[in-house]
Structure formats: structure tokens, C-alpha cells
Participant: 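Got a structure for you, questions after.
These numbers were taken from a predicted model, which means no experiment stands behind them.
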Amino acid sequence: MSSPYSYDVSMFRETFETQYTYLNGFLRNVRRFGNRPALHDPKSGCRWTYKELNAAANRLAHALRADGVGKNDVVMFALLNSPEFIFFYLAAHKIGAIACPVNYRQGAGEIALVLEDSCPKVFAYDAQFPSLCQHALKLSSHSPSRTIVTQTDTPQTDACPYESYVAQQPETDPPIDFEPHIYDETTRLYTSGTTSRPKGVPINNINEILSAHDVIMHFPLTPTDRTMNMTPWFHRGGIHSGGPCPTLYVGGEVVILRDFQPHTCLQYAEQYQVTFLIGVPTILAMLARTQERTPVDLSSLRGIVTMGAPFEKAACEKYRKLLTPNIFNGYGTTETFWNTFLRPYDLPDRSGSAGRACTDDDVRVVAVHADGHHAEPEEIVPHDNTTAGEVIIRSPAKSAFCYYNNADLTAQKFYKGWLYTGDMATWDENEFVTICGRKDDMIVSAGENIYPTQIEAVLNQHPKVQESAVIGIPDKLRGESVSAYVIPSDNSLTVAELKDYCSHSPMLSAYKCPRLYTIVSELPHTATGKLMHYQLRQQVLSHL
């Protein structure tokens with residue numbers, strides 16, 4: 001007997017697959033929140049309503065169409081957080097193109113590799129770093145059809161100024177003369193890469209929508225919120241974690257912090273009544289120091305969301321007192337967004353942990369095989385908060401499960417529907433995950449496996465330490481010796497103090513205590529704030 005509620009599934013599926021796009025979500029807000037603020041750029045003093053933001057994106061979309069850019073063409077941009085970044089992001093959605101923001105903190109050769117990998121039709125860069133981008137274009141074997149420079153009125157020999165490019169273009173919505181689909185690639189992100197050259201991660205329409213939903217659910221984020229990213233938008237945690245993607249999808253307002261300065265950030269947060277700040281632990285440390293010296297009113301904050309690095313307990317407690325009690329810590333990857341989340345109600349007992357799996361995600365900690373082969377997803381390590389294993393993630397809502405143009409690496413990192421992250425962690429009986437470090441960063445000393453992050457967490461609690469990094473260096477007797485590199489917050493810090501501190505720490509076994517300490521002025525980081533242990537190791541080995 002047929003159901004009186006039966007319907008044509010194929011018709012429903014076709015409608016869903018072609019209409020449930022990120023662009024449609026944004027355009028809903030243009031209709032229902034048209035006169036409400038969507039974007040604020042304190043540097044220029046400009047503020048756009050949803051209608052005005054849509055009109056600005058339309059001007060660019062029409063200009064790109066006139067240049068022959070259409071479905072699946074790549075539009076690449078090396079831009080600071082800026083209005084133009086968002087215009088490019090939205091304009092690509094409007095014409096079926098792929099928005100590809102790139103890391104402007106890379107070297108010219110690295111950007112050239114990305115240009116060759118994605119072959120963009122259009123390349124835009126910020127006037128703040130023309131030499132870098134012009135050099136990258138010369139090194140690359142691929143030449144974009146059009147090069148655009150933003151934030152300048154000065155004529156460039158190789159690039160068209162942005163305002164000239166969009167001049168005289170209509171502000172009406174461009175025709176959708178392509179067949180949209182929920183699995184269309186809409187954004188391509190290149191990983192900051194702690195161990196190798198950058199990898200292209202394709203993000204499709206449904207990934208963008210469900211990443212936005214994840215933020216909306218977990219903050220929670222509402223149309224009344226104002227968000228401000230303290231880190232660049234070119235990475236996953238920037239564009240999708242409280243940045244343009246979720247904020248404009250829910251109907252809130254994005255406040256632009258063009259480049260992070262702690263005093264400016266705190267001023268903006270107070271002056272513009274920011275409700276959510278998004279950053280990484282190293283940035284929060286700078287905010288806290290500035291707030292101690294010159295405090296501002298942060299009562300408008302509903303939360304600070306951090307990610308990209310382990311978040312130590314002592315630091316978490318300090319920031320809750322100085323900045324806001326609502327500290328969130330997300331853990332994840334470019335490939336899968338965030339996948340565990342530590343919420344304010346988990347604190348203070350769980351501070352130092354990365355939280356447990358997000359609502360729609362599966363996260364496991366599995367054994368590591370000596371032969372380098374993947375453990376099976378069922379080979380989980382004990383829930384004892386002691387035994388370390390590799391974090392694996394299954395997040396179909398937010399992951400495309402591949403790398404662009406790199407089948408070999410896809411096969412290495414994805415197995416049976418799971419991403420094998422290379423991150424080492426322990427977990428407890430409630431599946432709270434605590435990150436130990438990278439599998440590649442593991443130190444093997446006298447047969448013992450040692451994870452740098454555990455030692456760094458102890459060192460960073462020393463009152464005179466600003467930041468530390470721990471690596472293994474060759475040792476004929478032990479294989480590797482534990483070596484610590486420390487940036488002091490107080491120049492009176494001595495190596496003797498550090499040795500004494502670690503030797504008396506109840507959190508460090510004797511074999512984990514560093515045998516060598518070096519006081520340094522800086523440490524290498526990725527653009528997302530992650531320590532680059534492998535680069536530090538290369539620097540140290542080159543001087544041995």
C-alpha cells in the first residue's frame with residue numbers, strides 16, 4: 001500500500017542538489033537583512049550593508065565574467081584580510097568559479113608552485129607586497145590571463161588596479177548561466193604545511209554550508225553577532241571559523257582586522273562591540289599581555305575561539321581571567337575543518353585538552369605501526385589518557401576526502417573514509433583528546449618515544465618563558481637527545497633555571513627532561529601559528 005505522503009524523491013533530490021548552495025544562503029540574507037551591516041573595515045572607515053556588499057561583489061563578478069571566467073575556473077588571490085578578499089570570495093560563488101586564497105607569508109617560489117598547480121585565470125594581490133607576488137609570477141611557468149592589485153591607486157606595470165577593474169560594472173546579480181550543484185568545488189585552500197610543500201584542498205558547496213552550520217551550532221553564532229578574525233582568512237580556520245563563510249551565512253557582521261596588532265585588536269573589540277574573536281594560542285598570549293598593561297572593556301565578548309595548536313592549562317586559566325571566561329578550543333585540519341571542540345563548560349577541569357568530537361564528526365586515536373602502514377580504524381588505543389596514538393578523522397559533512405591534483409598523497413592520507421592526520425594524541429574514557437605532537441616530530445631517545453608538546457607545556461608554564469620548542473638532535477649513545485629552544489619573557493632567564501625547573505617538575509619523567517637548553521629570540525611558525533619543529537631541526541642541524 002502506497003503512503004499518502006509519498007513524493008517524487010528524484011525531484012526532491014534534484015532541487016536539493018542544485019538549490020542548496022552557499023550563494024543562495026548569502027542571497028537570503030541580502031533579502032531579509034538587506035539594510036543591516038554585513039561588513040565593517042575600520043581602517044578605511046567603510047561599512048557595507050548586505051545589499052551594498054552584494055552590489056560590490058556583483059561588480060567584481062561582472063568584471064570576471066567579462067574576462068571569460070566561468071564555472072570551475074580558478075580565481076587566486078594573495079590578500080590581507082580586506083573588503084576585496086570577501087568580494088573575490090563571493091564573486092567566485094556567483095559565477096561558478098573557484099576562489100583560491102593563498103598564503104602571502106610564503107616565499108615567492110612557494111607561491112609559484114601554487115600558481116602552477118591550480119593555473120588560475122585571474123591572480124590578485126595586495127599592494128603591500130608587490131615584489132613578492134611579481135617575483136612569484138616570474139618564477140611560475142603559468143601566467144594568469146589577468147593580474148589585479150588591490151588597495152592602491154598607483155598604476156602598476158603588470159597589474160590592473162582593482163577599482164579600475166570593476167569600474168562601470170553593473171551592481172545587479174549576474175545571470176547564473178551554469179548548472180550549480182552542492183558538490184561543485186567553490187573554494188580551494190592550500191595547507192600551511194608543517195612537514196611538506198603545500199597541498200591543495202578542494203572545498204565544495206555542501207562543505208561550506210555545513211562548515212558554517214558547525215560554527216553556528218557550536219559558538220553558537222547568530223545574526224546579532226560581530227566576529228573578528230585575528231589570523232589570516234587564507235586558511236581554513238580563518239575563512240570558515242567565525243570568518244566570512246559562517247558570519248555572512250548566518251546574517252552577522254564581519255569586522256576586518258587587516259593585520260594583527262594586539263593593541264589595535266583590543267581597541268577594535270571594545271569600540272565595535274565585537275562578540276567573537278578567533279585566533280590561535282600564540283596570539284591570545286599577546287592579547288593577554290597587552291590587556292594586562294592597558295586594559296580595555298571586553299564585556300561585549302561572548303567568546304574567544306582558538307585553534308591550530310595545543311592549548312595549555314595554565315595559559316587557558318590566565319586568559320579566562322584577563323579576556324573572557326568563554327574560551328573555546330577547536331582542533332582539526334585544513335582537510336576536515338575542526339573536529340573536536342572544547343567548550344567553556346568543560347573548563348577548568350579539561351583545559352589543556354582539545355575537547356571531544358564535534359556533533360557530526362567521528363574522531364579516533366589509533367595505534368601507530370612501526371612499518372609505517374596505517375592502523376585499521378578499529379585499532380584504537382586504550383582510553384587511559386596515557387597511551388599515545390594517531391588521530392584519525394571522519395567528517396563527510398566538511399571534507400572532500402582528497403587533494404587537488406595529487407592522487408598519491410590522497411592515497412597516503414585518506415584510508416577507508418578516514419583522514420590520517422599524523423597528529424599524536426591520548427584520550428580518556430570520555431573521549432577527550434589531548435594532542436601530544438606530530439608523528440614526524442616524535443623523538444626516540446634510548447628506545448623511549450617522547451612527544452615535544454608534553455615538554456613544551458611544562459616549559460611554557462615557567463614564569464620567565466614566553467614560548468618554547470623541543471626537538472630531537474642526533475646522539476650517538478641515545479639515538480636522539482631532547483633539546484629545548486626557549487624564547488624568554490624576562491631576559492634574566494638562565495639555562496640553569498630551566499634545568500632546575502624541568503628536573504623538579506612532577507609532569508616530566510627524567511628521560512623526558514631536555515639535555516640541552518638554548519635561549520633564542522624567535523622560533524619558526526606556520527601562518528596559522530603552529531610551531532614548525534622540522535624547520536627548527538633543519539636550522540639546528542645545519543649549524544652542528
Participant: Backbone N or O of Asn204 within a donor-acceptor pair of the Asn207 side chain at under 3.5 Å?
Facilitator: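 Checking the backbone N and O of Asn204 against the side chain of Asn207, a donor-acceptor pair under 3.5 Å is found.
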Participant: Are His240 and Val215 packed together at the side-chain level, in the sense that at least one heavy-atom pair is separated by less than 4.5 angstrom?
Facilitator: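 In short, these two side chains do not touch, never coming nearer than 4.5 Å.
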Participant: In terms of side-chain geometry, is the basic nitrogen of Arg47 or Glu253 positioned less than 4.0 Å from the acidic oxygen of its partner?
Facilitator: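 The answer is yes: the pair qualifies as a salt bridge.
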Participant: Hey, can you tell me if Phe341 and Phe219 have their rings parallel, tilted or perpendicular (30° and 60° cut-offs)?
Facilitator: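 Rings of Phe341 and Phe219: parallel, under 30°.
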Participant: Under the salt bridge (charged side-chain N to carboxylate O under 4.0 Å, His left out) criterion, do Asp126 and Arg258 qualify, and how do the steps go?
Facilitator: CA-CA 11 Å; Asp126 195 290; Arg258 185 169 166 82; 2.9 Å; yes
Participant: Is there a side-chain contact between Leu277 and Tyr268, using heavy atoms and a 4.5 Å cut-off?
Facilitator: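 The answer is no, as the side chains (C-beta and beyond) never meet within the 4.5 Å cut-off.
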Participant: Side chain to side chain contact (heavy atoms under 4.5 Å, CB included) with Tyr20: which residues, sequence neighbours excluded?
Facilitator: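 By the side chain to side chain contact (heavy atoms under 4.5 Å, CB included) rule, Tyr20 matches Phe16, Ile182, Ile206, Ile209, His213, Tyr249.
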Participant: Does the plane of the ring in Tyr22 sit parallel, tilted or perpendicular to the ring in His93? Use 30° and 60° as the thresholds.
Facilitator: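 Tilted.
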Participant: Does Lys51 have any salt bridge (Lys or Arg N to Asp or Glu O under 4.0 Å) partners at least two apart in sequence or in another chain, and if so, which?
Facilitator: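 Checked Lys51 against salt bridge (Lys or Arg N to Asp or Glu O under 4.0 Å); zero matches.
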Participant: Do any N or O atoms from the side chain of Thr247 and from the backbone of Gly242 form a donor-acceptor pair under 3.5 angstrom?
Facilitator: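 Checking the backbone N and O of Gly242 against the side chain of Thr247, a donor-acceptor pair under 3.5 Å is found.
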Participant: Would you call Lys398 and Asp360 a salt bridge, using N to O less than 4.0 angstrom?
Facilitator: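 Looking at Asp360 together with Lys398, the answer is no, because their closest N to O distance does not fall below 4.0 Å.
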Participant: Given ring pair (Phe, Tyr, Trp, His ring centres under 6.0 Å), test His218 with Phe328 step by step and report yes or no.
Facilitator: CA-CA 9 Å; His218 285 94; Phe328 303 77; 9.3 Å; no
Participant: Residues in salt bridge (Lys or Arg N to Asp or Glu O under 4.0 Å) with Asp259, at least two apart?
Facilitator: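 Once residues adjacent in sequence are excluded, Asp259 has no partner under the salt bridge (Lys or Arg N to Asp or Glu O under 4.0 Å) criterion.
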Participant: Answer yes or no: is there a donor N or O on one side and an acceptor on the other, between the side chain of Arg302 and the main chain of Pro220, under 3.5 Å?
Facilitator: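 Yes, the answer is positive, given that a donor and an acceptor are paired below the 3.5 Å cut-off.
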Participant: With a 4.5 Å limit on heavy-atom distance, are the side chains of Trp338 and Val305 in contact?
Facilitator: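 Trp338 reaches Val305 side chain to side chain.
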Participant: Which one of Asp73, Asp177, Asp173 satisfies the salt bridge (Lys or Arg N to Asp or Glu O under 4.0 Å) criterion with Arg65?
Facilitator: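 Among Asp73, Asp177, Asp173, the one meeting salt bridge (Lys or Arg N to Asp or Glu O under 4.0 Å) with Arg65 is Asp177.
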